[in-house]
2 protein chains.
Amino acid sequence: MARKPADQSVNRSDIIQAAAEVLQRSGYEAATMKDIAAAVNLTAASLYHHFRNKDSLLLAVLEVGLDYIIQQVEPIVHNDQPVERKLRAMTREHIIGLTENTAVGAAMVFEIRALMNVKAPPPGARPAEKAAYTEFIARRDAFFARRDEFEDLFVQVIRAGVDQGVLRPIDIDIFAKTLLGAHNWVGVWYRPDGRLTGEQIADAIADTLLRGVMNQPPAPPPASAHREAQL
Amino acid sequence: MARKPADQSVNRSDIIQAAAEVLQRSGYEAATMKDIAAAVNLTAASLYHHFRNKDSLLLAVLEVGLDYIIQQVEPIVHNDQPVERKLRAMTREHIIGLTENTAVGAAMVFEIRALMNVKAPPPGARPAEKAAYTEFIARRDAFFARRDEFEDLFVQVIRAGVDQGVLRPIDIDIFAKTLLGAHNWVGVWYRPDGRLTGEQIADAIADTLLRGVMNQPPAPPPASAHREAQL
DNA sequence: TTTATAATCTAATCATCGTTAGATTCTTTT
DNA sequence: AAAAGAATCTAACGATGATTAGATTATAAA
């Protein structure tokens with residue numbers, strides 16, 4: 001019965017990646033379904049075979065991005081390295097994640113607000129439309145909850161550092177947001193053909209921010225350590 | 001001949017502020033001329049008496065924001081205080097500027113990209129339309145140039161600090177972007193009814209970032225110094 | 001080979017929105 | 001008061017774009 005998808009037909013992931021790229025150029029509202037479809041050699045109508053509507057496609061892009069970043073960062077929180085090592089590794093994974101896929105990275109920064117703009121269907125709308133909306137709201141709220149959880153990972157590690165006396169008695173929320181701002185901003189200006197790799201950028205940022213909050217000046221970064229060596 | 005504007009009629013500034021507020025909620029593409037007009041009790045058509053078109057209104061919002069921030073930050077660069085005092089004061093003025101008018105502050109972060117999306121008029125368009133477009137492009141490019149100059153103010157001060165040996169031999173561009181990212185991000189999450197004032201947030205961020213880049217640990221911030229005392 | 005269904009297309013619908021035309025009202029100057 | 005121009009309005013135009021209906025094609029399972 002169930003047919004295995006053919007190799008040459010596009011799948012959800014193809015569309016999500018293409019959508020992210022169009023979003024990066026145009027922003028959500030300016031990006032048309034036709035633009036996105038053209039990026040995978042389809043017509044706009046064909047996209048509706050894969051996604052309920054435009055909002056749902058946007059959400060899918062953001063979910064993929066958040067899932068990936070959480071998957072990279074979360075394990076670091078639960079290992080038993082010292083706080084400074086954890087923070088450095090988290091900065092690395094976050095920034096590398098944003099720079100490896102700049103389209104999705106930019107969407108994570110710029111398009112989240114578009115999630116707030118979706119309008120409820122009018123009272124006279126078809127039941128299917130209302131159902132789609134309800135489901136969307138639930139998925140969106142779950143997304144925001146996960147986003148908050150992600151940001152809280154940094155808060156947890158920073159708090160542990162302050163409690164242990166490794167970090168100065170800083171305002172934890174403000175530092176977490178300073179950190180996240182510095183990270184996210186990389187997603188705004190980074191270009192793959194730039195002077196530095198994502199890894200180098202991450203190390204430079206981590207150096208400065210760690211030094212800014214540690215009681216003892218941090219150990220110099222493991223100069224040419226390979227990425228996995230940090231985990 | 002020339003009539004003095006009546007007191008109860010709306011002026012450019014009113015519309016620009018209202019537009020910024022609508023933009024903050026909806027983003028540029030989702031914001032309609034009707035929405036903006038309603039915020040100043042006008043019809044959409046009336047806006048065209050004050051602005052050539054929607055693009056031009058967006059640009060006006062961004063120009064106002066950039067002008068204000070530059071006006072606050074630029075003088076600091078040219079006084080003769082030590083680098084650390086300058087950087088702290090620049091952070092203060094930048095963040096206070098973003099938090100005093102959150103609508104314009106958010107526009108400066110989120111809507112600049114919309115400037116890239118304006119489409120050229122078709123070859124068959126009216127001359128007036130083509131002229132408006134040409135003028136828009138020129139103004140837009142001037143805006144970007146000024147924006148770059150603004151960011152360069154930070155680079156200049158940081159470079160001076162490194163040259164003087166006050167700051168560690170950091171990567172100047174990366175640190176400037178780290179700083180700007182931390183600043184701009186405040187414009188994303190700050191709420192006027194939050195726990196801290198813009199000034200307090202600025203001080204906390206400046207503490208951490210300065211400590212992160214100074215060779216000697218920075219002097220503790222002038223605890224309860226009033227804002228103007230920094231200049 | 002037949003069949004079910006996945007994937008895609010063409011063509012149309014429906015709503016929204018930027019923009020313009022032209023009339024009207026309001027305020028200042030003469 | 002009359003004139004001039006500024007500010008605003010109503011009504012419409014034209015374009016765009018999300019979405020749907022229904023037909024068509026391709027592919028894997030039977």
Side-chain angles (χ1 to χ4, degrees), chain A residues 1-15 18-19 22-23 26-58 114 117-122 124-133 136, chain B residues 1-15 18-19 22 26-59 114 117-122 124-133 136:
Chain A
M1 316 277 154
R3 197 195 126 222
K4 197 179 72 177
D7 286 352
Q8 77 280 17
S9 70
V10 307
N11 56 29
R12 267 179 86 89
S13 309
D14 294 335
I15 297 174
V22 174
L23 256 40
S26 310
Y28 177 67
E29 304 284 349
T32 70
M33 293 297 271
K34 200 176 160 195
D35 292 339
I36 296 168
V40 286
N41 290 317
L42 291 183
T43 61
S46 299
L47 294 182
Y48 289 80
H49 181 71
H50 300 271
F51 296 90
R52 219 188 284 309
N53 54 34
K54 196 186 175 191
D55 298 329
S56 159
L57 175 50
L58 167 64
N117 280 35
V118 294
K119 56 199 171 315
R126 288 211 210 51
E129 240 177 299
K130 292 190 190 176
Y133 178 71
F136 173 83
Chain B
M1 320 281 148
R3 196 196 124 220
K4 195 179 72 179
D7 286 350
Q8 75 282 17
S9 69
V10 308
N11 57 29
R12 267 180 86 89
S13 310
D14 295 333
I15 298 173
V22 174
S26 311
Y28 177 67
E29 305 283 350
T32 71
M33 292 298 269
K34 202 177 160 194
D35 292 340
I36 296 167
V40 286
N41 289 316
L42 291 182
T43 61
S46 299
L47 293 182
Y48 289 81
H49 181 70
H50 300 272
F51 296 90
R52 221 189 282 308
N53 54 35
K54 195 186 176 190
D55 297 330
S56 159
L57 176 50
L58 168 65
L59 192 44
N117 280 35
V118 294
K119 54 199 173 313
R126 289 212 211 51
E129 239 177 304
K130 291 190 189 173
Y133 178 72
F136 173 84

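The chains referred to below are lettered A, B, ... by the order of the sequence lines, with proteins before strands, and numbering in each begins at 1.
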Counting only side-chain N and O atoms of B:H50, is one of them less than 4.0 Å from OP1 or OP2 of D:dA6? no
Within less than 4.0 Å of OP1 or OP2 of D:dA7, is there a side-chain N or O belonging to B:S46? no
Side-chain N or O of B:H49 versus OP1/OP2 of D:dA7: is the shortest distance under 4.0 Å? yes
Beyond-backbone contact of A:D55 with A:Y28, side-chain heavy atoms, under 4.5 angstrom: yes
Please state how far atom CG in A:L47 lies from atom P in C:dA6, giving the value in whole angstrom units. 18 Å
Do A:L23 and A:L58 make a side-chain contact, defined as non-hydrogen atoms from C-beta onward lying under 4.5 Å apart? yes
Output the rounded distance in Å from CE (A:M33) to P (C:dA12). 21 Å
Would you say the side chain of A:S46 lies within less than 4.5 Å of the side chain of A:T43, judging by non-hydrogen atoms? yes
Rounded to whole Å, CG of A:N117 lies from P of D:dA18 at a distance of 15 Å
OH of B:Y48 versus C1' of C:dG18: gap in Å, rounded? 4 Å
Compare the minimum distances between each of C:dC17, D:dA18, D:dT8 and the side chain of A:T32, then state the nucleotide with the smallest one. D:dA18
Is the shortest side-chain heavy-atom distance between B:H49 and B:L42 below 4.5 Å? no
Can a side chain N or O of A:K34 be found less than 4.0 Å away from OP1 or OP2 on D:dG17? no
Of C:dT20, D:dT8, C:dC17, the nucleotide closest to the side chain of B:A45 is C:dT20
Which nucleotide sits closest to the side chain of A:T43: C:dC9, C:dT19, D:dA18? C:dC9
Separation of C:dG18 P from B:L57 CG (nearest whole Å): 11 Å
Base, sugar-phosphate alone, or nothing: which one does A:A37 contact when heavy atoms must sit under 4.0 Å apart? nothing
Among C:dC17, C:dC9, D:dA18, which is the nearest nucleotide to the side chain of A:L42? C:dC9
Tell me the interatomic distance from B:N41, atom CG, to D:dC9, atom C1', rounded to whole angstroms. 14 Å
